Amino acid sequence: MDNLEIAWVLSRIADYYEILGESAFRVNAYRRAAETVERLDRPVAEVLEDLPGVGKSIRAVIEELLTTGESQLLRSLEERVPGDLLRLLDVPGIGPRTIYRLYTELGLTTVEEVRAAAEAKKIRTLKGFGGKVEARILEGIRAMGKRRERVPLAEVYPLAQALVAQIRRIPGVLDAVVGGSIRRVEPTIGDIDIAVKTTTPEEVSERIVRLRGVREILARGEDALSFQYELLWPIRVDIRFFAPEIFGSGLVYFTGDKEHNIYLRRLAKGRGYHLSEWGFEREADPTDRILCPEEEDVYRVLDLFAPSPELRIGDTPFRPENRERISHLVRLEDIRGDLHMHTDYSDGGDTLEAMARAALARGYTYIAITDHSRSLKVAGGLSLERLREQGEEIRRLEERLSEEAGRPFVILRGAEVDILPDGSLDYEDEVLRELDLVVASVHTHFQQSREEITARIVRAARHPFVDIIGHPTGRVYGRRDAYALDVEALIAAAQESGVTLELNSHPYRLDLGPPHLALAQEHGVRIAINTDAHNVEGLEDMFFGVATARKAYVLRDTVINTWDFPRLWSYLRRNRGPSPYRGRQV
DNA sequence: GCCGTTTTCGGCCCGACTGTTTTCAGTCG
């Protein structure tokens with residue numbers, strides 16, 4: 001049983017306990033344990049003894065799951081709450097207490113029975129329930145299964161930026177910032193959170209609800225506004241209004257994550273303060289307030305540094321082992337080049353020159369052009385002849401741009417070479433040796449067994465002329481699961497062969513993800529943060545990749561495209577010998 | 001259920017909004 005399955009059982013137990021009216025603290029304990037297990041970067045069995053928030057009882061459940069694959073506790077809970085009532089938890093506005101009352105007071109045990117009872121107007125007979133609750137239940141059941149769950153960051157990000165830009169233009173808006181999981185650069189997003197700085201929330205709110213795309217208003221008060229937003233597809237938007245003097249505490253609160261907020265509030269409490277989005281209040285004397293116009297103010301009161309948003313996961317940035325490393329983490333401004341991009345030679349949308357100029361404008365000192373190899377016909381893979389042609393154009397362009405820029409600008413002649421189903425590569429060794437840089441990636445036969453695909457990619461990782469394994473797991477958020485690859489085996493192979501693993505920055509991919517990145521770094525494996533850009537705009541995705549690396553506490557020095565060119569070059573020549581085209585100094 | 005240089009018992013983060021009431025529980029984030 002893997003970590004995800006165990007986490008699922010724990011959160012299931014929490015759901016049952018919640019419906020049964022168990023202590024909220026017990027429910028919370030299971031829920032937190034589930035999250036802890038889900039986030040682990042190694043099998044739970046290895047670290048079960050010292051898992052924070054996992055004590056005797058929950059440990060026993062996990063041990064039982066590990067040995068028998070089942071949980072007696074879960075089974076007995078399933079008997080106590082028969083049917084499929086748990087599914088109602090997914091209905092917005094329906095929570096555990098409502099489900100509990102439907103079960104105990106009306107004897108309903110299935111979603112179908114609940115629907116029938118709502119249609120027969122029986123639910124409104126319960127004390128405190130009216131027609132609106134009934135309507136909400138019916139609407140929720142109707143929408144079940146059709147509802148989209150979390151959406152890939154790639155799809156939400158531009159939408160959120162456009163929306164916040166519109167809000168900024170509304171009179172009375174002093175500032176507006178996207179918060180929540182988007183600001184934390186999480187790979188999937190549940191809703192769009194926006195913190196608005198204003199002294200006139202009512203007027204601003206009135207203007208926001210008239211924006212194009214605003215559908216159903218879900219909640220609207222003095223300080224908050226929620227609505228369904230729909231341009232191409234629907235997503236919930238939550239907006240909070242904060243006065244300038246509390247915008248810092250408001251933005252901290254609205255950025256999260258939830259565990260991070262709880263940690264900060266507990267810390268405040270230990271110092272006799274009550275912390276909320278309104279700022280600090282001394283518990284002994286509520287009139288004694290500390291206002292926080294900036295986020296840094298909140299952290300300063302607690303004697304903490306303000307972690308960048310992507311690091312705000314529970315208390316992790318403040319743990320001693322991370323705290324020391326934090327100033328050495330890779331930053332966007334450390335990136336000196338991009339080692340994976342496409343041009344219109346294959347399936348890119350922009351020319352070689354446009355891509356190179358855009359990279360130069362970003363301040364890069366080197367890039368690698370890595371169009372697809374010949375067998376990938378759907379992506380216009382390059383024949384040997386086209387590859388050679390491109391190489392010549394690259395040489396001329398490099399010279400011209402370096403001259404124009406008045407500084408060296410290196411364009412590496414690379415390729416993204418297909419790893420064929422048997423693990424061999426799509427160009428002959430002589431061709432690979434002549435290239436400056438080879439990214440090897442899987443683009444076909446995703447469905448191979450774990451053994452097959454692991455052997456396939458490991459074989460490529462051991463090839464002397466492969467420099468980078470591109471998007472190693474192949475996962476594409478919202479579209480495709482990872483290959484069945486044994487990533488740990490790949491990391492072990494990379495440790496041996498010295499090949500670099502890619503962190504593909506495209507927000508649909510973010511592959512490798514943080515747990516694997518951390519594991520790779522721990523084993524001394526190098527990482528390349530690349531955009532895999534298919535047009536000029538794609539180069540901007542580097543931001544997502546760097547944030548993802550930071551979540552894994554990847555250090556600057558682990559990332560080969562933070563190195564200066566001589567160091568990178570000697571790495572690239574490690575198995576190829578001297579280059580016939582390029583001296584050591586550039 | 002978990003946890004402890006304030007505690008092995010007694011706490012456990014906090015507030016906005018809705019619906020149905022008339023002071024609050026439930027839900028959500």
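Residue numbers begin at 1 in each chain, while the letters A, B, ... track the order of the sequences. Quick caveat: nothing in here was measured; it's all calculated off a predicted structure.
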Q) Does A:F129 have A:R124 sitting over its ring (NZ/CZ under 6.0 Å from centre, angle to axis within 45°)? A)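 Because its charged atom misses either the 6.0 Å distance or the 45° angle limit, A:R124 does not stack over A:F129.
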Which is true for [X] with a 4.0 Å heavy-atom rule: it touches a base, it touches only sugar-phosphate, or it touches nothing?
X	answer
A:D223	sugar-phosphate
A:G250	nothing
A:R32	nothing
A:E22	nothing

Describe, in one word, how the ring planes of [X] and [Y] are oriented to each other, choosing from parallel (under 30°), tilted (30 to 60°) and perpendicular (over 60°).
X	Y	result
A:F280	A:Y273	perpendicular
A:F247	A:F242	perpendicular
A:H506	A:Y508	parallel
A:F318	A:F305	perpendicular

Which pairs, protein N/O on one side and nucleotides 6-11 of chain B N/O on the other, fall under 3.5 Å?
none

Interatomic distance at [atom1], [N] relative to [M], whole Å:
N	M	atom1	result
B:dT27	B:dT20	P	13 Å
B:dC9	B:dC14	P	25 Å
B:dC13	B:dC28	C1'	15 Å
B:dT7	B:dC12	P	16 Å

Using atom [atom1] of [X] as one end and atom [atom2] of [N] as the other, report the distance to the nearest whole Å.
X	N	atom1	atom2	result
A:L275	B:dC14	CG	C1'	9 Å
A:Y273	B:dC14	OH	P	15 Å
A:Y263	B:dC12	OH	P	18 Å
A:E222	B:dG15	CD	C1'	13 Å
A:F129	B:dT21	CZ	P	11 Å
A:N261	B:dC12	CG	C1'	16 Å
A:N28	B:dC12	CG	P	13 Å
A:R240	B:dC14	CZ	C1'	10 Å

Q | Enclosure of A:D481 CG (heavy-atom neighbours >12, cutoff 6.0 Å) | A |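 Count not over threshold, so no.
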(Q) Around atom CD of A:E333, are there more than 12 heavy atoms from other residues, nucleotides or ligands closer than 6.0 Å? (A)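 Yes, CD of A:E333 has more than 12 neighbouring heavy atoms, counting only those of other groups under 6.0 Å.
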Q: If the glycosidic angle is within 90 degrees of 0 it's syn, otherwise anti, so just tell me which one B:dT6 is.
A: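 You should classify B:dT6 as anti.
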Table of protein N/O atoms under 3.5 Å from nucleotides 1-5 of chain B N/O atoms:
residue, atom, partner, partner atom, Å
B:dG1, OP2, A:R26, NE, 3.4
B:dG1, OP2, A:R26, NH2, 2.5
B:dG1, O5', A:R26, NE, 3.2
B:dC2, OP1, A:G55, N, 2.5
B:dC2, OP1, A:G55, O, 3.3
B:dC2, OP1, A:I58, N, 3.3
B:dC2, OP2, A:S57, N, 3.4
B:dC3, OP1, A:G53, N, 2.7

(Q) Using a strict threshold of under 4.0 Å (side-chain N to carboxylate O), is an ion pair present between A:R183 and A:E295? (A)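 Yes.
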Q | Under-4.0 Å salt bridge between A:R150 and A:E186 | A |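 A:E186 and A:R150: not salt-bridged.
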Q.
Given A:E310, which partner from the list A:R184, A:R550, A:R331, A:K551 fulfils the salt bridge (Lys or Arg N to Asp or Glu O under 4.0 Å) test?
A.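 When salt bridge (Lys or Arg N to Asp or Glu O under 4.0 Å) is applied between A:E310 and each of A:R184, A:R550, A:R331, A:K551, only A:R550 qualifies.
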Q: Select from A:L126 and A:S276 the residue whose nearest nucleotide in DNA chain B is closer to the 5' end of that strand.
A: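 Its nearest nucleotide lies further toward 5', so the answer is A:S276.
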Q: Select from A:E134 and A:A224 the residue whose nearest nucleotide in DNA chain B is closer to the 5' end of that strand.
A: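 Taking each residue's closest nucleotide, the earlier one in sequence belongs to A:A224.
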Q) In Å and rounded to the nearest 0.5 Å, what is the CD to NZ distance from A:E245 to A:K197? A)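 Between A:E245 CD and A:K197 NZ, I get 10.0 Å after rounding to 0.5 Å.
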Q | Distance (rounded to the nearest 0.5 Å) between A:I194 CD1 and A:L251 CG | A |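 That separation rounds to 12.0 Å.
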Q) Out of B:dC13, B:dG15, B:dT18, which nucleotide sits closest to the side chain of A:A219? A)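 Out of B:dC13, B:dG15, B:dT18, the nucleotide with an atom closest to A:A219's side chain is B:dT18.
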Q) Reckon A:H274 has a side-chain N or O less than 4.0 Å from the OP1 or OP2 of B:dC13? A)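 The answer is no; no side-chain N or O of A:H274 sits under 4.0 Å from OP1 or OP2.
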Q: Please check the phosphate of B:dC13 (OP1 and OP2 only) for any side-chain N or O of A:H260 closer than 4.0 Å.
A: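 It does not, given that no N or O in the side chain of A:H260 lies less than 4.0 Å from OP1 or OP2 of B:dC13.
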Q. Under a 3.5 Å cut-off for both distances, is B:dG26 Watson-Crick or wobble paired, and to whom?
A.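 By the stated definition (distances under 3.5 Å), B:dC17 pairs with B:dG26.
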Measure all distances between protein nitrogen or oxygen atoms and nitrogen or oxygen atoms of nucleotides 23-29 of chain B, and list the pairs falling under 3.5 Å.
residue, atom, partner, partner atom, Å
B:dG26, O3', A:T98, OG1, 3.4
B:dT27, OP1, A:G95, N, 2.7
B:dT27, OP1, A:G95, O, 3.1
B:dT27, OP1, A:T98, N, 3.0
B:dT27, OP1, A:T98, OG1, 2.3
B:dT27, OP2, A:R97, N, 3.1
B:dC28, OP1, A:G93, N, 2.7

Q) Looking at side-chain heavy atoms only, is the closest gap between A:R97 and A:E18 below 4.5 Å? A)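 Contact flag for A:R97/A:E18 side chains = no.
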